[in-house]
Amino acid sequence: MAKLMIEDLDVKGKRVLMRVDFNVPQNDDGTVRDDTRIRAALKSIQYVRDNGGMLILMSHLGRPKNPDKAESEEEKAKIIKANQKLRMDFVADTLRGLVGGNVTKVDAIVGPEVKQAVDAMKPGDIILLENTRFHAGETKNDEALSKELAALGDVYVSDAFGSVHRAHASTEGVTRFIGKSAAGYLVAKEMEYFSKVLQNPDRPLTAVLGGAKVSDKITVIDNLLNLVDTLIIGGGMAYTFMKAQGYEIGDSLLDEGGIDVARKAMEKAKARGIELLLPEDTVVADAFDANAHTKVAGLGQIEPGWQGLDIGPKTLEAFMAAIKRSKMVVWNGPVGVFEMEPFAKGTRAIAELLANSPGITSVIGGGDTAAAVTQYGLAGKMSHVSTGGGASLEMLEGKELPGLAALSDK
Ligand code: AMP
């Protein structure tokens, strides 16, 4: 069922409670190191202001600990100090710079201080609440907190895709006690691309899966095998597949618990006539180190003391050919240890191919894959780069995400 969009809401004179993802990377002094996530929310923020609404913004930042749970006074003091850096004041400073003033930061999430500030708002005003995770009720999806948050606004907008897979008070609970709930521009774009992949993909549809462990991606693999024409598997998880095929993998990453999963996936692909591409060769190194010795090894040729850290040249060629045949590609997980230059070749080549293929709709999962394409300066050339690591993975698992399910139907 289609969900309500921010543009479907009448925001004139209304208090709009908006969940944003201001969980930004910070410098040691707490200042914002990368404001991408704040900029990403500007379109929705601007929409509300341009249409005469008042904005109450909320977000979490980092993972604050609860000082009341400290086991000693010393630990308590440490937690309080660490949490100081996670207050939203630095974020408010950056936001103020981006929207040209007019941002009031309150030092609480709910309570009299917040209510007073909200009551004094005029159209165009912005209030930024304190870090939602300072309140123990947030991650518990506490009903009392949800109600208090809901009472602050007339309508709710979700623009924090990175948090929609969590049923928290600010992402799910709150929607049960407020007027209408709609998707902001960011979330709407995520929903548009993922529902296209899941419900109505351009074919051939290819999925590229990489990353470290098979066990983390069991459900994704299984769901993708119901969906795609071609499944490409690279990265650390490919060695578990090689092991399942009976090849020696030396010191490469092995996920013992994933061997059976790999075997079943290969059977399922075969039964369904889905093309499953696994590495034929691999770049091996004698240490997990950017300065290690490296060479290329074929299947079954990885010796003890050596580990596979990137796909090899033949594999890259085969993966590229399959991608070129596709109309739509969804990619989750680097195909090598891209953080180290000698093992980044495969990941970079796939990123470049997608970026330079206007005929392919490219949907890039959040987390490491998004980080890789951003690092190569190619994010802008992809059809869609997801802003949520966990959320994009759960989308591909075919799960219902609580923060999306909670939005009002159109
Ligand atoms: P994930 O969080 O499961 O998507 O895993 C991402 C991580 O997998 C990245 O940090 C990569 O460096 C790592 N990775 C990719 N290929 C390999 C490999 N062959 N061996 C070990 N780690 C890998």
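In what follows, every heavy atom counts, from backbone to side chain, and hydrogens, waters and symmetry copies are set aside. Note that ligands are numbered from 1 as they come in the structure, with each ligand's atoms numbered from 1 the same way.
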Any donor-acceptor N/O pair, Glu400 side chain to Ala405 backbone, under 3.5 Å = no

Output, in order, the C-alpha distance, side-chain angles, deciding distance and verdict of side-chain hydrogen bond (donor to acceptor under 3.5 Å, both in side chains) for Thr315 and Glu280.
-> CA-CA 5 Å; Thr315 303; Glu280 306 163 41; 5.2 Å; no

Evaluate the side chain to side chain contact (heavy atoms under 4.5 Å, CB included) criterion for residues Arg348 and Phe338: first the C-alpha distance (whole Å), next the side-chain angles of each, then the deciding distance (0.1 Å), finally the verdict.
-> CA-CA 8 Å; Arg348 184 193 283 266; Phe338 77 101; over 6 Å; no

Mind checking whether His384 and Phe194 have parallel, tilted or perpendicular rings, split at 30° and 60°?
-> perpendicular

Heavy-atom nearest neighbour in the protein, as seen from atom 3 (O) of ligand 1, with distance rounded to 0.1 Å = Ala212 N, 3.0 Å

Report the C-alpha separation of Val106 and Ile127 in whole Å, then their side-chain angles, then the decisive distance to 0.1 Å, and conclude whether the side chain to side chain contact (heavy atoms under 4.5 Å, CB included) test is met.
-> CA-CA 7 Å; Val106 288; Ile127 283 180; 4.1 Å; yes

The one among Met237, Glu339, Met340, Lys217 that brings a heavy atom closest to atom 11 (C) of ligand 1 = Glu339

Would you mind running through ligand 1 and noting each atom that sits below 4.0 Å from a heavy atom of Gly211?
-> 1 (P), 3 (O), 4 (O), 5 (O), 6 (C), 8 (O)

Tell me which one of Val283, Asn332, Asp216, Leu309 gets a heavy atom nearest to atom 20 (N) of ligand 1.
-> Leu309

In terms of residue, atom name and distance, what is the protein heavy atom nearest to atom 15 (C) of ligand 1?
-> Gly336 O, 3.2 Å

Tell me, please: is Tyr239 in heavy-atom contact with ligand 1, that is, under 4.0 Å?
-> yes

Residue pair Ile360, Ile323: steps toward the side chain to side chain contact (heavy atoms under 4.5 Å, CB included) verdict = CA-CA 9 Å; Ile360 303 176; Ile323 290 171; 4.0 Å; yes

How long is the span from the NZ atom in Lys140 to the NE2 atom in His135, to the nearest 0.5 Å?
-> 9.5 Å

Evaluate the side chain to side chain contact (heavy atoms under 4.5 Å, CB included) criterion for residues Thr104 and Ile126: first the C-alpha distance (whole Å), next the side-chain angles of each, then the deciding distance (0.1 Å), finally the verdict.
-> CA-CA 6 Å; Thr104 305; Ile126 300 177; over 6 Å; no

Of the choices Asp368, Leu209, Val284, which has the non-hydrogen atom that lies closest to atom 2 (O) of ligand 1?
-> Asp368

Examine Phe288 against ligand 1 and note whether any of their N/O atoms are separated by less than 3.5 Å.
-> no

For Gly308, counting its heavy atoms only, list the atoms of ligand 1 lying under 4.0 Å from any of them.
-> 18 (C), 19 (N), 20 (N)

Could you tell me whether Gly236 and ligand 1 have an N or O pair separated by under 3.5 Å?
-> yes

Which one of Leu393, Thr347, Val337 has a non-hydrogen atom at the shortest distance from atom 23 (C) of ligand 1?
-> Val337

